[in-house]
Amino acid sequence: MEFTYKGYERLIDRLKDNGYRFADYKNYGDYDKCVILRHDVDYDLQKVTKMAEIEYEKGVSSTYFVLLTSEFYNVMSKDSGNIIKRLYQLGHQVGLHFDEKFYEISKSSWDEKTITRLVNHEIELLNDIVGRKTNAVSMHRPSKKMLESDFKFSGGAENSYGKEFFSGFKYLSDSRMRWREDVEHVIVSGEYDRIQLLTHPFWYFDKQKEMKDIVEDFIYCRKEIAEHRYKVLNENITDLCNILNRSPKEART
């Protein structure tokens, strides 16, 4: 499938046409045939709004997993808070995306007790930030040990890589902008009654783009990012337009 918003719309339609009900990590047991839509927000929180609105228009909901340790976005900023609030308004869930590598835990000191304590700490932080209870956790770049462990987290938050969801569901992912299987064929095959489908909003645009172009645009400042940074700086630096001799529309490095 294309990595476009239209392509994503068609994917949702294909799931609907083949009898899948759209569930989350708590209510999936209510359905004989269901799909859990999941999005890992690795780099750019601003990218989630378009996909969330598409899902809302299609009458479905999903879970967006956000990092508290991202080098690229801050869930405590005002703009991020508005985006997260919008996700809830559109009927979606917000979960924790946990990056074990952030803590630089050595192999010798890695154990489930330590990881559980760190995840539970981030769960409580996210709960406080969004003002709601976090129902699920997904792992960012999980290690083999992480995948093999079956954690139980604070407040009943589900582990999306736990045995129930990683083995009990057919797992489909577009990691690195590549589906490991023909996702549409899997959907229409009728072979699986439960699917956990992971996408990364970072890769999706109105028109198909090459991975190289997406990454270069992000590194060297995509137009939307430059305009956002201009807006934020303009609120904090007096007379920014004259300092730069540029208007907001020209704000691009």
Side-chain angles (χ1 to χ4, degrees), residues 8 11 22-28 34-45 47-48 51-52 55 60-75 80 83-84 87-88 91-103 105 110 112 114-127 129-130 132-180 183 194-204:
Y8 185 60
L11 185 63
F22 292 79
D24 59 37
Y25 290 93
K26 290 296 185 183
N27 67 5
Y28 66 93
C34 67
V35 57
I36 296 178
L37 289 183
R38 160 188 161 195
H39 310 282
D40 286 355
V41 187
D42 293 341
Y43 312 117
D44 189 353
L45 187 60
K47 289 282 292 177
V48 307
M51 295 191 86
E55 291 163 342
V60 305
S61 62
S62 65
T63 301
Y64 288 83
F65 289 97
V66 298
L67 286 160
L68 296 188
T69 54
S70 172
E71 301 286 352
F72 298 106
Y73 64 85
N74 174 14
V75 294
S80 293
I83 291 171
I84 290 172
L87 291 177
Y88 282 122
H92 304 303
Q93 298 288 329
V94 175
L96 173 68
H97 202 25
F98 179 80
D99 185 4
E100 63 179 300
K101 293 179 178 61
F102 172 82
Y103 294 96
I105 302 168
W110 197 105
E112 289 193 25
T114 298
I115 295 296
T116 300
R117 175 178 58 79
L118 293 171
V119 174
N120 285 341
H121 176 63
E122 288 199 13
I123 287 172
E124 296 304 321
L125 286 175
L126 183 59
N127 288 348
I129 291 167
V130 303
R132 300 201 186 196
K133 185 178 178 181
T134 301
N135 286 333
V137 178
S138 76
M139 304 304 174
H140 182 54
R141 303 177 297 170
S143 64
K144 186 173 183 292
K145 281 187 176 181
M146 186 71 84
L147 291 175
E148 291 175 346
S149 300
D150 199 26
F151 298 98
K152 303 299 179 186
F153 296 129
S154 176
E158 303 291 348
N159 176 12
S160 66
Y161 284 109
K163 293 177 182 178
E164 176 69 16
F165 300 106
F166 201 54
S167 300
F169 281 64
K170 176 62 176 177
Y171 179 75
L172 298 169
S173 171
D174 68 353
S175 295
R176 289 182 57 82
M177 205 176 175
R178 182 173 68 87
W179 296 98
R180 300 323 188 253
V183 60
R194 290 182 171 180
I195 293 176
Q196 181 180 186
L197 195 152
L198 166 62
T199 72
H200 297 78
F202 185 72
W203 303 123
Y204 292 79

If every non-hydrogen atom of S175 is compared with every non-hydrogen atom of H200, which pair is closest and at what distance?
OG-CE1, 3.5 Å
So how far is it from S149 OG to Y161 OH, rounded to the nearest 0.5 Å?
14.0 Å
Measuring centre to centre across the rings, with the benzene-like ring taken for any Trp, is F165 within less than 6.0 Å of Y28?
yes
My understanding is that only residues two or more places apart in sequence, or in another chain, count here; which of them pass side-chain hydrogen bond (donor to acceptor under 3.5 Å, both in side chains) with T69?
none
Minimum heavy-atom distance between S61 and G91, given as atom pair plus value:
CB-O, 3.3 Å
Supply the atom-to-atom distance F22 CZ to I36 CD1, rounded to the nearest 0.5 angstrom.
12.0 Å
How close do T134 and L96 get, heavy atom to heavy atom, and via which atoms?
CG2-N, 3.8 Å
Report yes or no: is the cationic atom of R176 (NZ for Lys, CZ for Arg) closer than 6.0 Å to the six-membered ring centre of F202, at no more than 45° off its axis?
no
Residues in side-chain hydrogen bond (donor to acceptor under 3.5 Å, both in side chains) contact with S80, at least two apart in sequence or another chain
S77
If we only count heavy atoms from C-beta on, is the V94 to T63 side-chain gap below 4.5 Å?
no
Establish, yes or no, whether a centroid distance under 6.0 Å links the rings of F98 and F65.
no
The reported gap from CG in D174 to OG1 in T199 (rounded to nearest 0.5 angstrom) is 5.5 Å
Listed pairs under 3.5 Å, donor-acceptor, residues 137-144 side chains, sequence neighbours left out:
| from | atom 1 | to | atom 2 | distance (Å) |
| --- | --- | --- | --- | --- |
| S138 | OG | D40 | OD1 | 3.2 |
| S138 | OG | H97 | ND1 | 2.7 |
| H140 | ND1 | D42 | OD1 | 3.3 |
| H140 | ND1 | H97 | NE2 | 3.3 |
| R141 | NH2 | D99 | OD1 | 3.3 |
| R141 | NH2 | D99 | OD2 | 2.9 |
| S143 | OG | E100 | OE1 | 3.2 |
| S143 | OG | E100 | OE2 | 3.0 |
| S143 | OG | M146 | N | 3.2 |
| K144 | NZ | E148 | OE2 | 2.3 |

Given I129 and L68, is the side chain to side chain contact (heavy atoms under 4.5 Å, CB included) satisfied, shown in steps?
CA-CA 10 Å; I129 291 167; L68 296 188; 4.1 Å; yes
Going by atom types alone, do Y25 and Q93 pair a side-chain donor with an acceptor below 3.5 Å?
no
Salt bridge (Lys or Arg N to Asp or Glu O under 4.0 Å) partners for K26, two or more places apart:
E158
Rounded at 0.5 Å granularity, tell me how far OG in S160 sits from OH in Y171.
7.0 Å
Could you report the tightest heavy-atom contact between G168 and R194, atom names first, then the distance?
O-CB, 4.1 Å
For the atom pair OG (S173) and CH2 (W179), what is the distance rounded to the nearest 0.5 Å?
6.5 Å
Salt bridge (Lys or Arg N to Asp or Glu O under 4.0 Å) partners of E122, counting only residues at least two apart
none
Which class fits the ring pair F153 and F151: parallel under 30°, tilted 30 to 60°, perpendicular over 60°?
parallel
Tell me if the NZ atom of K163 is crowded by more than 12 foreign heavy atoms within 6.0 Å.
no
The test is side chain to side chain contact (heavy atoms under 4.5 Å, CB included); show your working for Y8 and E55 and say whether it passes.
CA-CA 9 Å; Y8 185 60; E55 291 163 342; 2.5 Å; yes
Reported CG-to-OG distance for the pair L37 and S62, which is rounded to 0.5 angstrom
5.5 Å
Does the N120 side chain pair with the main chain of T116, one donor and one acceptor, at a distance under 3.5 Å?
yes
Do you know the tightest heavy-atom contact between M51 and Y64?
C-OH, 3.4 Å
Inspect the surroundings of NZ in K133 and state if more than 12 heavy atoms from other residues, nucleotides or ligands are less than 6.0 Å away.
no
Counterpart residues, side-chain hydrogen bond (donor to acceptor under 3.5 Å, both in side chains), relative to Y73 (two or more places apart):
none
Determine whether N135 and D24 make a side-chain contact, defined as any pair of heavy atoms from C-beta on separated by less than 4.5 Å.
no
Could you report the tightest heavy-atom contact between S154 and E124, atom names first, then the distance?
OG-OE2, 2.8 Å
Strictly distance-based, threshold 3.5 Å: is any side-chain N or O of H92 a donor or acceptor partner for the main-chain N or O of A52?
yes
